[in-house]
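Okay, structure first, notes after.
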Amino acid sequence: MSAQQADGDDTSGGDGLDWTTSEMMTIAASRALDPDDVCFVGIGAPSAACNLARLTRAPDLTLIYESGTLGTRPEVLPLSIGDGELSETAVTTVSVPEMFRYWLQGGHVDVGFLGAAQLDRYGNINTTVIGDWDDPKVRLPGAGGAPEIASQCGKVFVTLAHSTRSMVEQVDFTTSLGFGPTGTERAALGVMTAGPALVVTDLAILEPDPDDHELVVTALHPGVTRDQVAAATGWAVRFADDLATSPPPTAEELQVLRDLHARTEAAHA
Amino acid sequence: MSAQQADGDDTSGGDGLDWTTSEMMTIAASRALDPDDVCFVGIGAPSAACNLARLTRAPDLTLIYESGTLGTRPEVLPLSIGDGELSETAVTTVSVPEMFRYWLQGGHVDVGFLGAAQLDRYGNINTTVIGDWDDPKVRLPGAGGAPEIASQCGKVFVTLAHSTRSMVEQVDFTTSLGFGPTGTERAALGVMTAGPALVVTDLAILEPDPDDHELVVTALHPGVTRDQVAAATGWAVRFADDLATSPPPTAEELQVLRDLHARTEAAHA
Amino acid sequence: MATFPSLHDAVADAVHDGDTVALEGFTHLIPFAAGHEIIRQGRRDLTLVRMTPDLVHDQMIGMGCASKLVFSWGGNPGVGSLRRFRDAVEHDWPGPVELVEHAHAAMASAWEAGAAGLPMAVLRAYTGTSLPDVNPDIATVTCPFTGEELAAVPALRPDVGVVHAQRADRDGNVLVEGIIGIQKEVVLASDRSIVTVEEVVDDLAAPSPNSTVIPGWAIDAVVVAPGGAAPSYTHGYYDRDNAFYQAWDEISSDRDRFLDWMQANVMEAA
Amino acid sequence: MATFPSLHDAVADAVHDGDTVALEGFTHLIPFAAGHEIIRQGRRDLTLVRMTPDLVHDQMIGMGCASKLVFSWGGNPGVGSLRRFRDAVEHDWPGPVELVEHAHAAMASAWEAGAAGLPMAVLRAYTGTSLPDVNPDIATVTCPFTGEELAAVPALRPDVGVVHAQRADRDGNVLVEGIIGIQKEVVLASDRSIVTVEEVVDDLAAPSPNSTVIPGWAIDAVVVAPGGAAPSYTHGYYDRDNAFYQAWDEISSDRDRFLDWMQANVMEAA
C-alpha cells in the first residue's frame, strides 16, 4: 500500500523542483496508464500511482480493487484495499466471488498493477515466502489476488523499490507468473495475456525483451546511473540500446501527489 | 399458473357450502404445507395453494419463485412467475444463477411444489412433450426449473387435474425424476431427497407406497368415488387400506381463496 | 466503452445472419423493441438463446429469423403454449427450428460460466431425467476430491447479447432493478452487447452501493428505447400488459392472422 | 429459522474444539467480537478458514486456538506482517500451525461452490505458479467440450461460519451493505452459522429490492453485538480504526506484550 511508502533519497531537478526517489517511482508508474484503461489495483504499492494518474491526466481511468469495488474514485488513498471510501465512491460494489469470476477471469480488465517482494529477471513475482515454503526465513502475506491478476489482465505493470533483495535472479517461490523460470513458460502454458509489460522502480524502468522476455532497463530516472542500477539488481541486468531518461516530475504531478498524501495522512490520523 | 384454473364441477358440502373440484384441489394442497416450510413454487398450478396456505393457517410460510424472489408475499396471484409484485413484496430478489446455485442446489428448500402435464405411477413428471421428442404430437413448454426442484428440495408435492391423459402408466418423457421408471431408480441414482411425497388432484390425494413407491390413493375428496378415481387414472391404481375422505373446504378457506382470485382478476384485468 | 447509437444502428452493427443471439429477460425487462428491430432487418439463420423464450421469440421464430433455439422453458407465461414455436417444431412452419433443450438450473449456470470466462459450467443436475438423451451438450465431469459425477454443460458465449434495463447515465453505466434475472451475465458473456434502456440520466441514482449496475466500459451499445420492454414490464416504470399476453394466444393461433399482425404492428412500426 | 442468543451462548453452542471455523469479512465487517469470544472460551485445535486473515486471526493464532489455517493472504492491511502468525509459522509459537495456502480467486470460487452445495469449484487459476507444489488441494479437471485443463479446488464447507453485518429484523433477516465480500457465501456454505449485527430493528430498511439480505431461515444464530466489527468497520455505522491497526504492529511484536494485551483487553473484557 502506498500510504506506507518508504522515504527515498531527495533528488533535485534542473527546474528547481525537489522530489524523492519514491515520488519519482510513483509518478513514472502513473504515466504508464492509458486514460481509458480499466485497471485492477493489486495489494502493494500501486494504489498511489493509479490514483495519481486518475487525478491528473487520466480522469476517466477505471480503478478496480479486489474487494469488489468497480470504478472507485477515492479522495484519499485507502490504507487497506477494502476501505469504506472505495465502496462509497464506486460505480458499484460486487461480491468477491463475482469480482474474481466475472470481472477478472471474465477478461474485462486491461491492466493489472502489482507490487512485489521479489521480482526476477523474467518478471515472476514472489509475495509468499523468502526461503523454503516448508521452513521459511520470512513468511510473507501470500498470494491474495495476484496470481490471477498476473495471468488474466491484458497486461501487467509492476512497481517496487529497487534492491538486490527485491530484484533477484530467480524468485524463491513463484506466487504470480511472469514469463516463467526461463522466460518461455508463459506461452508454453497457453497463457494468452501479455504478462509483465513494464516494471517501474525507484531507480529505473524495465521492459521485457521482445525475444527472450528478460527484463531490460529501458529508462533511468533523472540523476540515476547505470552503475547504481546494476549494483541494485540481482542479476547481470542489460540496458536497452536506446536507453532513455525518465522525464522528471512536473510541478503538477508533485503537487497532486503530495496533496493526495497529505489528505491521506489527515484522514487516517 | 393458478390464475387460469379450470372450472371444475360444483360440489355441495353437507354444511351448505358449495365448491368446485378445482377449489377442493387447491385447498387440499394448501393444507399439506407446514407453517414454517420454505417452499419453492414451480411453474404451473401450485401458486394458489401456496398463497392460500400463507393467507390462512401458515402466515410464516416462505415462498420462493424461480425468478429470484425469496420470501415473497403477493397480494394477488402472479400471472407469470416473474410478475413485479413478487419482487416488490419479497425479502430480497437475487439473480437467477444465485437462485438455482445457492438456494435450490445449496439445499435450503424444504418443499418443491410442482404441476405436471403427465404424472406416472412412480411420480415421474413430464412437462416436455407428448409423443416422441423428435417428432412430437404436442410440444409442451419444457423443463424450466422443475428437474432440479424435483431432485434438490427436501420433498416434492405435485398438484394436477386428474384424468387418464395426465395420470399415466409411464410418462412419455421424464422431465423431472420421481422414483424412476420402476420406482427404484431414485435411490439407485444416489438422489438423497425424499422425492414425490404427495399428489393432490381435483379428485383425490395420492402418496407413494413406502416399499415400492407406487402412488396409492390415500384420500378421496368429498363426494368422489373409488370408481371415478380408477376411471380417471391411467394405471390400475391402488387404494390405501385406511382410505380417508378429505375434510371439505371450510368457509374460511373458500372465502380467502375466492377473495384471492377476485383480487387477482381485478388486478390483471 | 459504451456508445449510444440508435436502435437501428445498434442492431445493424451487432446482429448478422447466422449469429448466435441472446435476447434475455427472466419474465422481466424482455427486450421486445430490439427483437422487433431484428425482425424488421430481416435477419435469418439465427441461433436464439433464451432460458424462457416467450412472445418475442414466438414472433422471431414465426417470422423466420431462427434456425435453432437453445432454451429451457418456452411458453406464454400464465397463458399457455407458444403457437408459432409449436408450429415450427411440430410442422416446420415457416421452417424447421433445431432445439437444444436444457433445464433452468443448467442454463443459469451456463450463463454464470459464460460471464466467468469459463468453457463449461459444473452443477448437480439432470439426474434421472430424459434430457441427456436428447441433448448431447449435457456431459459429466468427475470431482477429483470426492469422486462424485457432476453435470457439465457448455458455457453460453453468444455473439450478441441483448437485454433491457431501467436507465443509464452519460458514461453508459446501467442500473437493473427488481427481477434482475441473468441481465448482467448476458452482457458479460456475449461478444457484443446491446442494452436498451428507458432513459439516460445525469445521475444514475442507484439506491444501494450494491445495486446491480453494469459499468459502461463492459457494454458495447446503450440504446434509448422508452417502453422497450413492453408488453413485458420495467420495474419502477410500467406494468406488464397481461391483456396482451392473453390476446397473443389468439393472434398467434393462425398463420395468416399472425403475419397480418406482424406486418401492421412490427414491420410498419419503426 | 434464526434464533437470537447471546454472543456467549451462540459461540458455546456452535464452536467446539477441533472444528473448522470461518470468521470472514473481506477487509470489512470483520467479526472481532465473535473471535474474541472464541478465544475467551479457550477453543483449541481449530482449523481456521479465511481469505484475508488479519488481526483477529493473529490474536486467535497467538492465543493457541488454531492448529491449521486455510487462507490466501495473511497480513496487517496497510501496515505489514502479522507477527503472531509469522511466529507460529516460523517458530511454532505457541504451537505449529499447518498452512493450506490458496490465492483469492480459488478461495472466492471455493466459497461460491460451498454456498452452491457442490463438492468442488472449477476455475482458471494457478497456471505457472508454485502454489500447486505446496497445496495438494489444488487439482485439475478437463472440460469435456474443449479439452481445456482447468483448476479445481475443494468447496469450502466449514462446520461453523461467522460474519458480521449491519442489522437484522425481528425475523432474523440480515442486511449487508458496502463491501459485501463473501458474507452470504459463508453463511450458506457453513453447517452452523452465526451472524453478529450492530442492531435489531423492526424494519430492515433495505434500500433496494436487490439489496444483499440473507433470509433469517438460512441463518442459525443472529447475535446483537454493537461495535462487533471494531477495530475494522461497519459501513454506515463506524469507521475503521486505522490507528489501532498501526498500533497492533508493536503490540504483537513481542510475545509477552501480546499476552498482556490480550489478558487485559480480551480475556478480562466480556
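The chains referred to below are lettered A, B, ... by the order of the sequence lines, with proteins before strands, and numbering in each begins at 1.
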What part of [X] is in contact with chain D, defined as an atom under 4.5 angstrom from a non-hydrogen atom: side chain, backbone, both or neither?
X: B:V91; answer: both
X: B:E98; answer: side chain
X: B:T62; answer: side chain

Top contributor to chain B interface from D:S208, D:A206, D:A189, D:P215 [non-hydrogen pairs under 4.5 Å]: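 Most heavy-atom pairs within the cutoff with chain B belong to D:P215.
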
If we define contacts as heavy-atom pairs under 4.5 Å, which of D:G216, D:A116, D:G117 has the most with chain B?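 Ranked by contacts with chain B, first place is D:A116.
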
Considering only heavy atoms, which portion of D:A115 lies under 4.5 Å from any heavy atom of chain B: side chain, backbone, both, or neither? both

What part of D:N210 gets closer than 4.5 Å to chain B, counting heavy atoms only: side chain, backbone, both or neither? both

Atom pair CD (B:Q255) and CD (B:E253), whose distance is rounded to the nearest 0.5 Å: 12.0 Å

To the closest 0.5 Å, what do you measure between CD (B:E185) and OG1 (B:T174)?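 OG1 of B:T174 is found 9.0 Å from CD of B:E185.
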
Verify whether the ring centers belonging to D:F26 and D:H104 lie closer than 6.0 Å. yes

Run through D:Q166, D:E199, D:E198 and flag the one making a side chain to side chain donor-acceptor pair (under 3.5 Å) with D:Y237.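 So the option named by the test is D:E199.
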
In plain terms, say whether B:D110 and B:K155 are close enough for a salt bridge, that is, a side-chain N and a carboxylate O under 4.0 Å apart. no

Are the charged groups of D:D19 and D:R192 less than 4.0 angstrom apart, N to O?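 Looking at D:D19 and D:R192, the cut-off is met.
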
